[in-house]
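The block underneath contains the structure these notes are about, expressed in structure tokens.
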Amino acid sequence: MSHKQYWLMKSEPYAYSIDDLQQDSQIHWSGVRNYEARNIMRDKMKIGDRAFFYHSNVNPPAIVGEMEICTEPYADPSQFDPDSKYFDEKSSESNPRWQLVDVKFIRKFEKDVTRDMLKDAGLTDMQLFKRNRLSITQVEENEFKKILELAGLKPIE
DNA sequence: GCCAACGTTGGC
DNA sequence: GCCAACGTTGGC
């Protein structure tokens, strides 16, 4: 049994929020158009990994919930759709450029863990802080546990 | 709304 | 393959 990994995935809540995910239950994490973030989904994520849902570009930015990676990587359908804002004319069905995974809702935090709380708790080594504009970053196990504590929650087995 | 950080594009 | 110009992210 391989070791579970942990991730943090950003979304602007006015575009797609933790409440939307709670309603939808499971979604394609579509629209990633950054190679490093794509590579994480394509090469590193495994089914069963946990990820935090992070609300970006709002005040205050915060971790607001927990989800689970629930598919293998596959081609992001929106890259083939000329009507989508994520359409990529340089991509093709035979040689897709953009990959994604599905995520499913686990729980929404009753108490958001804000960016400031992460700093105050000494979690300044997080990739979130080191990799400014990267929308998917890895979270270490000790960081993951600490963040759940800050949210007043226990890990789910 | 500003702007720093930084990834991407394209001319050469 | 360098790098200037440009566009985007996202905190503040």
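Quick note on labels: first sequence line is chain A, next is B, and so on, each numbered from 1.
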Rounding to an integer number of Å, can you tell me how far [X] [atom1] sits from [N] [atom2]?
{"X": "A/Ile136", "N": "C/dG10", "atom1": "CD1", "atom2": "C1'", "value": "16 Å"}
{"X": "A/Met9", "N": "C/dT9", "atom1": "CE", "atom2": "C1'", "value": "17 Å"}
{"X": "A/Asp88", "N": "B/dT8", "atom1": "CG", "atom2": "P", "value": "12 Å"}
{"X": "A/Asn34", "N": "B/dA5", "atom1": "CG", "atom2": "P", "value": "18 Å"}
{"X": "A/Phe129", "N": "C/dT9", "atom1": "CZ", "atom2": "C1'", "value": "16 Å"}
{"X": "A/Trp98", "N": "B/dG7", "atom1": "CH2", "atom2": "P", "value": "13 Å"}
{"X": "A/Arg133", "N": "C/dG11", "atom1": "CZ", "atom2": "C1'", "value": "12 Å"}
{"X": "A/Lys130", "N": "C/dT9", "atom1": "NZ", "atom2": "C1'", "value": "20 Å"}

query: Relative to each other, are the rings of A/Phe52 and A/Phe109 parallel, tilted or perpendicular (30° and 60° limits)?
result: perpendicular
Carboxylate-amine/guanidinium contact [X] [Y], below 4.0 Å:
{"X": "A/Asp88", "Y": "A/Arg33", "value": "no"}
{"X": "A/Lys145", "Y": "A/Glu149", "value": "no"}
{"X": "A/Glu141", "Y": "A/Lys4", "value": "no"}

- request: With salt bridge (charged side-chain N to carboxylate O under 4.0 Å, His left out) as the test, would you mind laying out the steps for A/Glu36 and A/Arg131 before giving the verdict?
  value: CA-CA 11 Å; A/Glu36 193 170 354; A/Arg131 304 300 316 281; 2.7 Å; yes
What's the closest nucleotide to the [X] side chain, out of [options]?
{"X": "A/Lys119", "options": "C/dC12, C/dT8, B/dG10", "answer": "C/dC12"}
{"X": "A/Lys90", "options": "B/dT8, C/dG10, B/dG10", "answer": "B/dG10"}
{"X": "A/Asn132", "options": "B/dG7, B/dA5, C/dG10", "answer": "B/dA5"}
{"X": "A/Tyr35", "options": "B/dG7, C/dG11, B/dT8", "answer": "B/dT8"}

- request: Would you kindly compare A/Asn57 and A/Glu36 by the position of their nearest DNA chain B nucleotide and give the one closer to the 5′ end?
  value: A/Asn57
- prompt: Which part of the nucleic acid does A/Tyr54 contact within heavy-atom distance under 4.0 Å: base, sugar-phosphate only, or nothing?
  reply: sugar-phosphate
Are OP1 or OP2 of [N] and a side-chain N or O of [X] less than 4.0 angstrom apart?
{"X": "A/Lys10", "N": "C/dG10", "value": "yes"}
{"X": "A/Arg131", "N": "B/dG7", "value": "yes"}
{"X": "A/Arg115", "N": "C/dG11", "value": "yes"}

